[in-house]
Amino acid sequence: MCASKWSRFGYVWLVLGTLSGCGQDSDRPSEVHTLRVLAVRSETPFTKPASSAGLSMLAYDGSPRARLADGSSRSTSTLWIGGCINPNGDNYAACMPYLHEAIEQLGDANLSNQVVPTDAPAGRFGWGQTFTAQVPADIISSRVVAPGVVYPYGVQIVFFAYCGGLLKRVDVESTKFPLGCFDAQTGEALGRDDFEYGFYPIFSYESLENQNPTFSSIRFDGHDLGAACSDVAPCSDGLHCGSAGLCIPVVQRCTQPKNDDCPGYSLSIEVPRTSAELATVAHVTASDALTESLWVSYYSNAGSFEQDARVINDPQSGWNDDTAGKWRANVDSSREVRLWVVVRDNRNGVTWVSRDVWVQ
Amino acid sequence: MLRGPVPLAKGWSFNFGARRSHIDTWIGSVLSKDAGFRTAPVYYDWQAFAETKPTSRSTFRIGMFGSDDRLDVILKNASTSDPGMGNSFSDETRTMRLQAIYRNQVTDGLSVNAMASVGLDREFSEVGALSSVKANYVPMIFRGDLSCRLSDKFLVRIGPDVIVYQFDANVLSISPPEPGEMEGSHSNRPMLRYDNQGYFTAPAAFAELEWTPTSRAKVLFGGRLDYFSLTDTWDVSPRLNARYDLHQGRQRTTVKAGVGMFYEPPQIIQAIIPFGTPSLKSNRSVHSSIGLEQEVTKQVEVSVEAFHKYLDNLVVSAQNADGSNGFSNLGRGYVYGTETMVRWKPGGRFFGWIAYTLSRSVRQSAPDQPERVFDFDQTHNLTVLGSYDLGRGWRVGSKFRFVSGNPYTPCEGGILNAASGSYECVQGVPNSRRIPIFHQLDVRVDKTWSFEHYNLTAYLDVQNVYNRANAEGVSYNYRYTTPQWQTGLPIIPSLGVRGEF
């Protein structure tokens with residue numbers, strides 16, 4: 001009896017798992033060598049009833065299959081499915097039967113043509129890397145308020161599928177994701193290196209708000225964002241005119257056999273402390289709330305970061321100023337490399353920025 | 001540990017012991033790459049008791065014991081699987097008890113035992129963005145029994161078993177992960193809050209009647225009445241056990257059988273709002289068994305027992321009527337198997353045993369849900385243990401274990417929670433796979449030197465002699481596409497010395 005205390009919460013295994021380095025070093029989230037969705041952002045992480053939420057996706061096709069034989073990039077398809085309102089336990093998995101119905105409604109022809117049916121309700125389907133979700137007026141009032149809830153709320157789970165080919169319905173049980181990804185040329189089923197699916201929950205409160213985190217500066221090895229450049233307006237020494245028409249830093253390719261022996265270049269961002277808001281949510285008032293957890297995730301399509309993510313604000317131990325990512329140019333050949341920085345809070349706030357670097 | 005007479009208190013003796021962990025002296029060097037300790041993990045426990053014999057038939061023991069366990073860590077690296085959980089972890093658990101125990105064999109047929117304790121427990125823990133727990137408890141416990149032989153054939157035993165907890169808890173936390181739940185995105189789960197003070201009580205009483213109708217037979221009727229205030233539940237647990245000697249004396253043969261009902265109240269967190277469901281009842285099981293004991297020689301005894309457990313009212317995760325996460329009593333299941341034991345009794349130079357259990361344990365989350373094997377189902381569980389006195393203070397012992405791997409639920413890839421940037425395991429068929437078989441050999445050699453006032457023992461203990469990399473669980477890469485076994489401890493030799501004065 002006396003053992004049935006709060007220690008049974010079971011967090012210890014989470015922490016010890018992290019301490020003991022569980023996970024596989026050879027497959028790191030910061031190294032984007034497959035087709036990946038890196039982030040989804042809502043303009044309004046908490047969206048009021050009877051309004052819309054503009055979602056955008058940060059995605060990159062880093063799969064070895066992304067380059068076609070003729071040197072061009074393969075076409076990809078991105079589908080959004082909104083409308084799963086207040087699933088049991090606010091759990092995405094409870095939406096799977098709804099997703100099957102929605103895909104049935106979308107139909108195979110619209111799937112292959114990447115078209116939204118004209119009779120589909122607004123906010124049900126969308127193609128491309130942005131989507132507008134509609135929050136019903138009764139998203140809060142239609143659900144029973146659970147005991148202990150101070151701020152009644154509703155939640156909509158928006159799903160997405162990003163595919164390095166064509167999306168097709170697959171015959172799986174109703175608890176599984178109903179779409180598969182198939183090569184546009186051969187029809188071959190593509191695996192998880194070429195197919196990503198996921199979800200973004202949009203919480204809806206009458207009164208609570210949450211702002212996306214912001215950052216005031218980003219610097220790579222001391223360089224701010226470069227000036228515009230072109231063939232007629234080249235960059236100054238030490239900079240290279242990148243594919244986006246901006247001057248980008250040049251670093252030396254590292255040929256050391258061990259990554260740890262390569263010099264690290266700092267990618268630093270400055271996040272204002274005001275980004276760590278009070279984490280008021282359904283059960284927690286402002287007087288009881290901790291601050292938000294804030295963290296930064298680093299990604300690159302070549303080379304490697306020393307750490308995949310850094311904690312910016314821990315609600316218990318506080319603010320951390322040392323959040324720079326250390327990137328190493330262990331790249332096979334001279335090329336332009338893209339580095340992404342994604343800052344998140346634990347109330348679904350997201351913001352991102354990218355920088356390009358020339359490795360020679 | 002120290003024992004001896006209490007100075008200036010005739011008839012009283014004392015017993016004092018204390019231990020301190022040494023993990024803080026070396027764990028920093030092991031984990032320094034990933035973690036920075038503000039307080040390295042330190043564990044103490046201690047006890048101090050005084051004992052007397054008020055009469056030749058009674059003893060009275062009073063004293064205190066406690067423990068203190070602390071850890072405070074800031075991780076240098078964020079978690080790969082869930083960086084939003086933060087990078088700090090602290091835990092402080094303290095326990096202290098004042099305990100008194102009284103035993104009195106009043107007459108040959110009447111005895112009284114009683115134990116009362118009161119204490120202070122404190123539990124403070126903080127896990128980054130996941131939880132903050134501050135809880136203080138005052139546990140008050142009273143247990144006792146009165147045993148009375150009514151005649152040659154009847155013995156009655158009755159007693160109370162009372163637990164009262166006064167608590168003051170301030171908890172801010174996400175819903176705790178379920179046992180067996182995969183790592184994944186926890187940091188974006190909404191925080192829940194519990195701030196309350198009060199009492200919960202769990203009084204119980206039991207009664208047993210032992211009937212010995214003949215010298216060959218013994219029957220035990222029993223029952224227990226439990227109340228659990230948190231769920232406002234009364235549970236009545238009748239039990240019946242019987243033994244009969246088919247053959248007495250040397251090469252004794254005994255058959256035995258039993259049936260009984262058992263209850264286990266839900267965990268506190270399962271029964272309180274907003275984490276759980278207050279309308280829960282206790283988990284219930286009906287155990288039944290039948291077995292045979294056979295003395296083969298003076299030293300060797302064999303026993304075989306078949307058992308079955310029917311489980312219902314099991315607390316399982318479920319949605320509350322309002323759609324929030326909670327629990328229900330819809331779970332059910334069963335366990336059956338056999339236990340076989342061959343025992344070489346102590347007394348000579350050798351003692352040891354071979355124990356083998358063959359079993360199957362099955363659960364259902366609800367009557368309309370498919371059956372699955374239980375998380376800790378072990379089809380085969382074999383232990384072989386032996387110890388031999390070589391003489392001149394030398395003793396050698398060994399233990400071998402062979403156990404089926406626990407079931408686990410495989411991940412069929414991951415689904416991206418784009419708000420947190422972490423992946424969640426897409427679960428396959430529950431408990432449809434098993435980790436590999438566990439087997440391990442441990443060996444120990446002792447040498448004891450006996451002196452006039454003390455004994456000195458030196459030992460060499462080698463665990464996992466052949467350095468088997470036993471799998472203890474499965475972990476995945478960040479996208480849940482590639483599984484990997486998590487292995488247990490390698491070969492661990494240890495040398496030690498123990499003195500007894």
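Note that these values count all heavy atoms, side chains included, but never hydrogens, waters or copies made by symmetry. Here is the naming used below: chain letters follow the sequence lines, and residue numbers restart at 1 for every chain.
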Which bit of B/Thr481 comes within less than 4.5 Å of chain A, counting heavy atoms only: side chain, backbone, both or neither? side chain
B/Asp121/B/Arg97 salt bridge by N-O under 4.0 Å criterion: yes
Take B/Gln319 and A/Asn91, measure what side-chain contact (heavy atoms from CB on, under 4.5 Å) needs, and give me the verdict at the end. CA-CA 11 Å; B/Gln319 257 71 53; A/Asn91 186 348; 5.8 Å; no
With A/Thr291 as partner, the option from A/Asn346, A/Asp345, A/Asp314, A/Asn313 fulfilling side-chain hydrogen bond (donor to acceptor under 3.5 Å, both in side chains) is A/Asn313
Can you say whether A/Arg344 sits under 4.5 Å from chain B via the side chain, the backbone, both, or neither, judging by heavy atoms? side chain
Between A/Arg310 and A/Asp322, is there a salt bridge with N-O shorter than 4.0 Å? yes
Could you check which of A/Pro315, A/Gly89, A/Gly148 has the highest count of heavy-atom pairs closer than 4.5 Å to chain B? A/Gly89
Is chain A contacted by the side chain of B/Asn417, its backbone, both, or neither, given a heavy-atom distance below 4.5 Å? both
Answer yes when B/Asp195 and B/Arg193 have at least one side-chain N-carboxylate O distance shorter than 4.0 Å, and no when they do not. yes
Among A/Met57, A/Glu196, A/Arg143, A/Arg41, which residue has the highest count of heavy-atom pairs closer than 4.5 Å to chain B? A/Glu196
In terms of heavy-atom pairs under 4.5 Å with chain A, which of B/Pro274, B/Gly421, B/Gly414, B/Ser420 leads? B/Ser420
Chain B shares the most heavy-atom pairs under 4.5 Å, among A/Thr175, A/Asp193, A/Leu38, with A/Asp193
Pair B/Tyr423 and B/Tyr478, ring centroids less than 6.0 Å apart: yes
Per-residue contact mode, A/Ala282 against chain B (heavy atom under 4.5 angstrom): neither
Heavy-atom distance under 4.5 Å to chain B: side chain of A/Tyr153, backbone, both or neither? neither
Check the side chains of B/Ser279 and B/Thr277 for a donor-acceptor pair under 3.5 angstrom, ignoring hydrogens and angles. no
Please state whether the side chain, the backbone, both or neither of A/Val350 comes within less than 4.5 Å of a heavy atom of chain B. side chain
Which of the residues B/Pro83, B/Ala129, B/Ser324, B/Gly413 is involved in the greatest number of heavy-atom pairs with chain A at under 4.5 angstrom? B/Pro83
Could you look at B/Leu192 and say if it's the side chain, the backbone, both or neither that has a heavy atom under 4.5 Å from chain A? both
Measure distances from A/Thr34 to the heavy atoms of chain B and classify the residue's part below 4.5 Å as side chain, backbone, both or neither. side chain
Please step through side-chain contact (heavy atoms from CB on, under 4.5 Å) for the pair A/Phe131 and A/Leu79, ending with a clear verdict. CA-CA 9 Å; A/Phe131 176 66; A/Leu79 172 65; over 6 Å; no
Would you mind checking which part of A/Arg36 comes under 4.5 Å of any heavy atom in chain B, side chain (CB onward), backbone (N, CA, C, O), both or neither? side chain
Does a donor on one side chain and an acceptor on the other come within less than 3.5 Å for A/Asp308 and A/Ser30? yes
